[in-house]
Participant: 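Have a look at the structure that comes next, please.
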Amino acid sequence: MTLEMFLITAVKIGLVLFIILTAVAYLTYMERRVLAFIQVRLGPNRVGPFGLLQPLADGIKFIFKEDVIPNDVTRFIYILAPITALIPALMTFAVIPFGDRLEIFGKDISLYVTGFNVSLLFVFAMTSLGVYGIVLAGWSSNSKYSLFGGLRSSAQMISYELALSLSIVGVLIQVGSLDLVKIVEAQSGWYGMQWNVWAFQPLGFLLFFIAVLAETNRVPFDLPEAETELVGGFHTEYSSLKFAMFFMAEYAAMITASSMATVLFFGGWNGPGASADTWWAPLLGLLYFAIKVFAFLFVYIWIRGTLPRFRYDQLMDFGWKLLLPLAIFNIVFTATWKFLFHYYDLAQYLPGWMSGK
Amino acid sequence: MFDAITNYFSNLTPEHYFFFLFAIVAIASALEVVMQRSPLYSAVALIFTMAALAANFVLLKAQFLAAIQIIVYAGAIIVLFVFVIMLLNVRAEESRLDRFTALRWIAAPSAIVLFAGAFAAIRFSNLDTLAPSPTAAAAGTTERIAEVMFTKYLLPFEAASVLIMMAIVGALVLAARAKEYDAELSGIENQEVPPKPEPEAQPEEVEVS
Amino acid sequence: MLPITNFILLSAVIFTIGAVGVFFKRNIITILLCIELMLNAANLAFVAFASYFGDTTGQLFVFIVMTVAAAEAAVGLGLVIAIFRNRETLNVDEANILKL
Amino acid sequence: MNTTTLLGGIIFAPLIGALVLGLFGKRMNERTVGLIASATVGVSFVLAIIAFTTLLGVAPEGAEGIRRLHNPLFPWIEVGSFKAPFDLVLDPLSALYVVFVTGVGFLIHIFATGYMHGEGGYYRFFCYMNLFMFNMLVLILGSNMLVMFVGWEGVGLCSYLLIGFYFQQQGPAFPNQSAKKAFIVNRIGDVAFAIAIMLVFMKAGSIEFAAVNEWARSLTAAEPMTVAAFGLGGASTIALLMFIGATGKSAQIPLFVWLPDAMAGPTPVSALIHAATMVTAGVYMVARTSEVFVKAPSAMFVVATIGALTALGAATIGLAQWDIKKVLAYSTVSQLGYMFLACGVGAFGAGVFHVVTHAFFKALLFLGSGSVILGMHHEQDMRKMGGLRKFMPITHATMAVGWLAICGFPLLSGFFSKDEILYQTFTTNAFANPVFGKIFWGIGALTAILTAVYMTRLMVLTFWTKERWHDDHGHDHGHADHADDGHGHHGLAKGETPHESPWSMTLPLIVLAIAAAVGGYVGVPNGLGHLVGIENSNMVEHFLEPSVAHVGSHGAVAGHGVEAAAPVAHDATLELGLTAFSILLALGGIGVGFWIFRKNPLLKLPKILEDKWRVDELYEATIIHPIRKLSESILWKAVDVRSIDGLVNAVADGIRGLGGTMRYLQSGLTRSYVAVILLGAACLVGYFLVQGYVK
């Protein structure tokens, strides 16, 4: 590892963190504005032009509020919890491929922090750690609302993590790699017809998206923080910067989920002209990636503005009795499909764009 | 003396530093697992042990297992523990008098003998001369593990899946039986089932304003 | 390059800590956690040997061990809940009658 | 080896049909069920035709010059040197079988859509039928004995399910009893077959048919033709064991008793399984491993003897039966005897050819009888039929073709195959003494006359004499004796007349009638062909030549197939003379049948014939009853209760006693257990350390 590589990586880490944190901040703004639009309100529009400086104001408020630590909390874990929530959420961005390789000053620089052959598993490992933040917060607060929020959260996340993992197995069978970069590269060509969502994982995508909604605790699966039932759920006792960390973790998780949906099902940075042999093509790819992620984030907010919350037993039934069997069916279906192609080589009878040859 | 130490440190590669870092984290958190009185602290400490071991797996070029280690152990098993701890709301170990102090006099020496034996076995072995295999990275890929798992070790794999199945059934039975036992403990099953009481007259609806 | 003894020694240390924990702790949950610790120590040894011999078999064993650990956690915690419901305690010394 | 994926398609099409019908059939209407069932078999048939034509274009390979298509599916069982891959192989023998099985099966499926109309469990019936087709095709196409065994057991299972299709009926001779009987009798044969497979693996080192035949060919000389040859564990023993398996599946003496009872199933089942396809599996197996049989003349003699006796015995029983399906059932047994006779004298090609022609005309006759039964509102007693020609013209015409074919009427299919068998039997030199061949020929000729007589009787009673539908006669035999098709009411009510069946039933009849009429022209005996100026007119045998062994009239005893493949001069005069004689036999038999039954249709024949030579009673007295007594008095009361239970109880008591003392170790204190474990571990480590130090 030369010093140069070290520096480049450090700059990339800094840049990604900066962009993500900014994106998180403006995601809150976007959520409030879009929700307001859906509910025929105005939303924040006073601070700066169109209220664009609102996130900044929120940030300043969070930092300077009094940091209250209740008396009966388990102190160490109480402080540890928000950190545990935020760090894994940010760490996932280490492997998400935002774009292709770019040539700057004669150097070949990849538009992602790092990539290795099991990067998809890394993302899953990190997201699976995210539950601890919530669980520990719920337990250490020594408050029944927090405890219930934490309990619900752990049960919900364990349940939906199965469906989540199984829903992407179809993609893995098709692509044959756990490397996110390879998964994106496998979806290039044929003007988007090679995106996994059409070819042939529509069910997988649907399951993935629903499971991801549950994993990020978003409406209609936001039971861990159901404010009408549990005051605020696991973060009832948190305030100031610690609360902000939970907030950031949740929104970072949303961006992660949207990025993963883009990478796994919607071709990542692929798009018209993004694979051209020009210097700006990777930047165009970056733009496509951003647009796709943005679209998913919009859908998130849209769903929040539209759907009511599940009941707890409905949530469990839905996860175990519908999503899981469907995900298994999807795997069997994909495996059979792949086997038939492999064994009988059905592909030779199909037009080229369908077989990907 | 001083030269020996500088020599030693100058021979160290980044791998050494990473190993020592993670080894210290692993041992410290493992000690923490044992020494904490509260099960939740133990569980949290265990997560750190797992993470440190996963890092060691990466040093050993077993990236797939490292990821699986985090997903399965940290992401599923320990979560289950934490969930149960929360469900039962266990705070700290009761500090009641230990009734079986005598047992310590057997176990403590045994543990020391155990470790001493293991240490001696490692010390007197010729493991030090074992050179790292050049194919280590190839042996740890997902493809290779899958290939071995679904061909040569298909039977153990199937046996493991049967084991998981039995565990599921066992856990279900335990959970379902709990009610029955409750009933048994409260002596309901030995009694005649009392006739259902006539539904009492509903109290008048109270006006809620 | 690191000699393999480093990893094996680390494994032995963690294993001993786990074994001691299984014996000295009285809380069933902690005991289960200590068992996980021992299993993990074994895993480390497996992976170390697999890596130094360039053989995948050791890694596969780790996989199986994880399966066993998962099964053990499921059944063990089911038992914990059952014991707690009937005994109101998690002390192993209290749970000394076969009949719950 | 030519690899293809066609064969997989052939077997899986009906399997998919069976799965779909089994899982979702309950919610489908009859049309859909019938369509799926017939279409999947139709697909198989088309694929079989394609595979057949592909096979013709394949270059012969190996020393034997066998054309083969190979379709490996998956490795199945591999233990040490024992390998049983789930592979499919198409060679001339299996190609012929596949084509006629799928073809006849397809027609019968279509027939059944009409016949089973309105029955409960319609989808269940077709699910079983498709499953049967799958298993039969696995049996035929399997490349090794174990895969064949899978199909073998599979068809047995489907046969059981279908015989017992009307399982709701209760009684001593009702479908579920018949089904059990078929299943159990077949098991006896299957055990022998399984032992044969093991023995083959021991001797030949492989259970692939190609390898087994290779091994048999490599045996230098045939084993001597003595009884002692069976005890040697060589070719004779293997051949005999396999033949026992075949007697079970193909209803030969002594295991033939299940087939007539199997008529309790619906008629299409009788046509498909118990006449055309499954029961010929035994012949198929013998032909498949013919090289082994060729090396075991004593086993060949047993095969020929059993075949001839079965043919004759069943024909005599068939003379006296009243139930139309029973007559056909005994006729089937008799014809199967013919096929085994052919195999026994070394004319495997002729035997297989007879299987094919028999499949056509017997399926036709059974379907025709089904049509009659349906037209008579589920009446099977011929005493209550008669004069049906007017009411069921198509059925009558097609059945007449089948009748003439089975009688061996000149220029119809049965004539060619039967004539070939008789000729080959007469001239065989498979046995040390040529007199045996002449004796077998005599039995065969007698059977041919009897066949013509009882088939004529069937036609006369059913179609030509005066109407007897409303006669009270014939009820004296009671209902229990006669398996009806699951309807409380059967027979025609007063004033009703029989009616012709719908097109879905008559169409298969017509197609089969054409096949039964002209199907024989692919195998015109060489002598006759020579007469009209065509050389080597026996195309079937020529086609099969590489894949079955040759002995008897074509070559020296135990001659290699290669040698036999060379053209052999025929004794044309002898062959034509025998042909003329068999024409005489057929016409004579038909004439006798007319002469006797025209005037006196309800003529009573000796009671012992009507009672099927009392074989069932004999088995009851000599085998079943003693076994039952033995089980009760010795196995149950002495062995089970006294010895086994006593032993088990003693063990239990001992353990209880031991546990009583040992339980004091179980303190229930988890940590004391842990301490003991830890101590044990420490001791182990210490032991190994000390041991290492000592070294």
Side-chain angles (χ1 to χ4, degrees), chain B residues 15-16 19 23 26-27 30-31 33-34 39 42-43 46 49-50 53 56-57 60-62 65 72 77 80-81 84-85 88 90 93-94 99-100 107 111 114-115 118-119 122 127-128 130 132-133 135-136 139-140 144-145 148-149 153 156 160 163-164 167-168 170-171 174-175 178 181-182 185, chain C residues 1-10 12-14 16-21 23-27 29-30 33-34 36-37 40 43-44 47-48 50-57 59-60 62-64 66-71 73-75 77-82 84-86 90-91 93 100:
Chain B
E15 275 183 344
H16 281 86
F19 172 75
I27 293 174
L31 282 174
V33 171
V34 178
S42 293
L46 190 56
T49 318
M50 306 284 183
L53 288 182
N56 271 324
F57 287 0
L60 289 165
K61 300 195 177 67
L65 274 188
V72 173
I77 297 179
L80 207 59
F81 276 98
V84 170
I85 294 168
L88 305 181
V90 191
E93 204 168 45
E94 305 92 332
R99 288 197 290 174
F100 305 99
L114 200 64
F115 180 72
F119 184 81
I122 296 165
L127 278 177
D128 265 332
L130 188 64
S133 163
T135 58
R144 184 81 191 108
I145 291 177
V148 174
M149 180 152 71
Y153 293 102
L163 178 76
I164 281 280
I168 291 171
L174 281 171
Y181 283 125
D182 286 346
L185 281 180
Chain C
M1 189 63 191
L2 287 161
I4 191 173
T5 37
N6 291 20
F7 293 101
I8 305 301
L9 211 56
L10 176 60
V13 170
I14 294 177
T16 316
I17 294 173
V20 170
F23 185 74
F24 282 110
K25 299 305 279 187
R26 272 165 298 167
N27 189 311
I29 295 180
T30 321
L33 288 172
C34 289
E36 299 291 343
L37 211 52
N40 264 287
N43 282 356
L44 180 63
V47 174
S51 175
Y52 276 76
F53 284 115
D55 187 354
T56 317
T57 309
Q59 303 208 5
L60 198 90
V62 175
F63 212 87
I64 305 279
M66 285 183 189
T67 320
V68 172
V75 177
L77 290 174
L79 281 170
V80 167
I81 291 177
F84 190 80
R85 276 196 184 145
N86 293 307
L90 288 179
N91 192 332
D93 296 339
L100 276 174

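Labels below follow one simple rule: chain letters A, B, ... track the order of the sequence lines, proteins then strands, and each chain is numbered from 1. Just so it is clear, the structure is predicted and the values come from calculations on it, not from any experiment.
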Participant: Does any heavy atom of chain B fall under 4.5 Å from the side chain of C/D55, the backbone, both, or neither of them?
Facilitator: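 The backbone, not the side chain.
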Participant: Sort B/A118 into side chain, backbone, both or neither according to what part of it lies under 4.5 angstrom from a heavy atom of chain C.
Facilitator: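 Contact with chain C is through the side chain of B/A118 alone.
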Participant: What pair of heavy atoms forms the shortest contact from B/V34 to C/C34, and how long is it?
Facilitator: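 So the minimum-distance heavy-atom pair works out to CG2-SG, 4.2 Å.
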Participant: Could you tell me if the side chain of B/V33 sits less than 4.5 Å from the side chain of C/I17, heavy atoms only?
Facilitator: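 Answer no - side chains too far apart.
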Participant: Can you tell me which portion of C/S51 sits under 4.5 Å from chain B's heavy atoms? Options are side chain, backbone, both or neither.
Facilitator: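 When you check distances to chain B, atoms from both the backbone and side chain of C/S51 fall under 4.5 Å.
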Participant: Starting at CD1 of B/I85, measure out to OG1 of C/T30 and round the result to the nearest 0.5 Å.
Facilitator: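 Answer rounded to 0.5 Å: 7.5 Å.
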Participant: Report the distance from atom CG of C/L37 to atom CE of B/M50, rounding to the nearest 0.5 Å.
Facilitator: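 So the CG of C/L37 and the CE of B/M50 are separated by 7.0 Å.
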Participant: Looking at every non-hydrogen atom in both residues, tell me the closest pair between C/A74 and B/A171 and how far apart they are.
Facilitator: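 Residues C/A74 and B/A171, closest heavy atoms: O-CB, 4.0 Å.
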Participant: Would you say the side chain of B/L53 lies within less than 4.5 Å of the side chain of C/N43, judging by non-hydrogen atoms?
Facilitator: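 The answer is no; the side chains never approach within 4.5 Å.
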Participant: Return the set of residues passing side-chain contact (heavy atoms from CB on, under 4.5 Å) with B/I145 (not counting sequence neighbours), or none when no residue passes.
Facilitator: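 side-chain contact (heavy atoms from CB on, under 4.5 Å) list for B/I145, sorted by chain: B/F64, C/T56, C/Q59, C/L60.
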Participant: Where does B/L80 contact chain C at under 4.5 Å (heavy atoms): side chain, backbone, both or neither?
Facilitator: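 Its backbone and side chain both get close to chain C.
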Participant: If you look at every heavy atom in B/L65 and C/M66, which pair is closest and at what distance?
Facilitator: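 Between these two residues, the closest heavy atoms are O-CE, 4.2 Å.
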Participant: For B/A43 versus C/L33, what's the shortest heavy-atom pair and its separation?
Facilitator: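 Here B/A43 and C/L33 meet closest at N-CD1, 3.6 Å.
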Participant: Chain B: which of C/V68, C/V75, C/T5 shares the most heavy-atom pairs with it under 4.5 Å?
Facilitator: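 Ranked by heavy-atom pairs under 4.5 Å with chain B, first place is C/T5.
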Participant: Quick one: which of C/A70, C/G54, C/G78 has the most heavy-atom pairs under 4.5 Å with chain B, could you say?
Facilitator: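 Most heavy-atom pairs under 4.5 Å with chain B: C/G54.
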Participant: Taking B/L163, B/L114, B/L88 one by one, which has the highest count of heavy-atom pairs under 4.5 Å against chain C?
Facilitator: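 Greatest number of close heavy-atom pairs with chain C: B/L88.
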Participant: Starting at CZ of B/F81, measure out to CD1 of C/I29 and round the result to the nearest 0.5 Å.
Facilitator: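 Nearest 0.5 Å value for the CZ-CD1 distance: 8.0 Å.
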Participant: Show the nearest heavy-atom pair for residues C/V47 and B/A62, with the distance to one decimal.
Facilitator: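 Scanning both residues, the minimum pair turns out to be CG1-CB, 3.9 Å.
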Participant: Can you tell me which portion of C/F84 sits under 4.5 Å from chain B's heavy atoms? Options are side chain, backbone, both or neither.
Facilitator: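 When you check distances to chain B, only side chain atoms of C/F84 fall under 4.5 Å.
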Participant: Can you name the side-chain contact (heavy atoms from CB on, under 4.5 Å) partners of C/A69, sequence neighbours left out?
Facilitator: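 Scan of C/A69 (side-chain contact (heavy atoms from CB on, under 4.5 Å), adjacent residues dropped) gives B/Y73, B/I77, C/E36, C/L39.
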Participant: With only heavy atoms counted, which part of C/I8 is less than 4.5 Å from chain B, the side chain, the backbone, both or neither?
Facilitator: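 When you check distances to chain B, atoms from both the backbone and side chain of C/I8 fall under 4.5 Å.
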Participant: Using non-hydrogen atoms only, which part of C/V13 is less than 4.5 Å away from chain B: side chain, backbone, both, or neither?
Facilitator: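 Both the backbone and the side chain of C/V13 come within 4.5 Å of chain B.
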Participant: Which residue out of B/V72, B/N56, B/T49 racks up the most heavy-atom pairs below 4.5 Å with chain C?
Facilitator: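 Among B/V72, B/N56, B/T49, the one with the most close pairs to chain C is B/N56.
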Participant: Measure C/L10 against the heavy atoms of chain B and call it side chain, backbone, both or neither at under 4.5 Å.
Facilitator: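 For C/L10, side-chain heavy atoms alone lie under 4.5 Å from chain B.
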Participant: Pick from B/A23, B/A26, B/G170: which one has the most heavy-atom pairs with chain C under 4.5 Å?
Facilitator: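 Counting heavy-atom pairs under 4.5 Å, the top option is B/A23.
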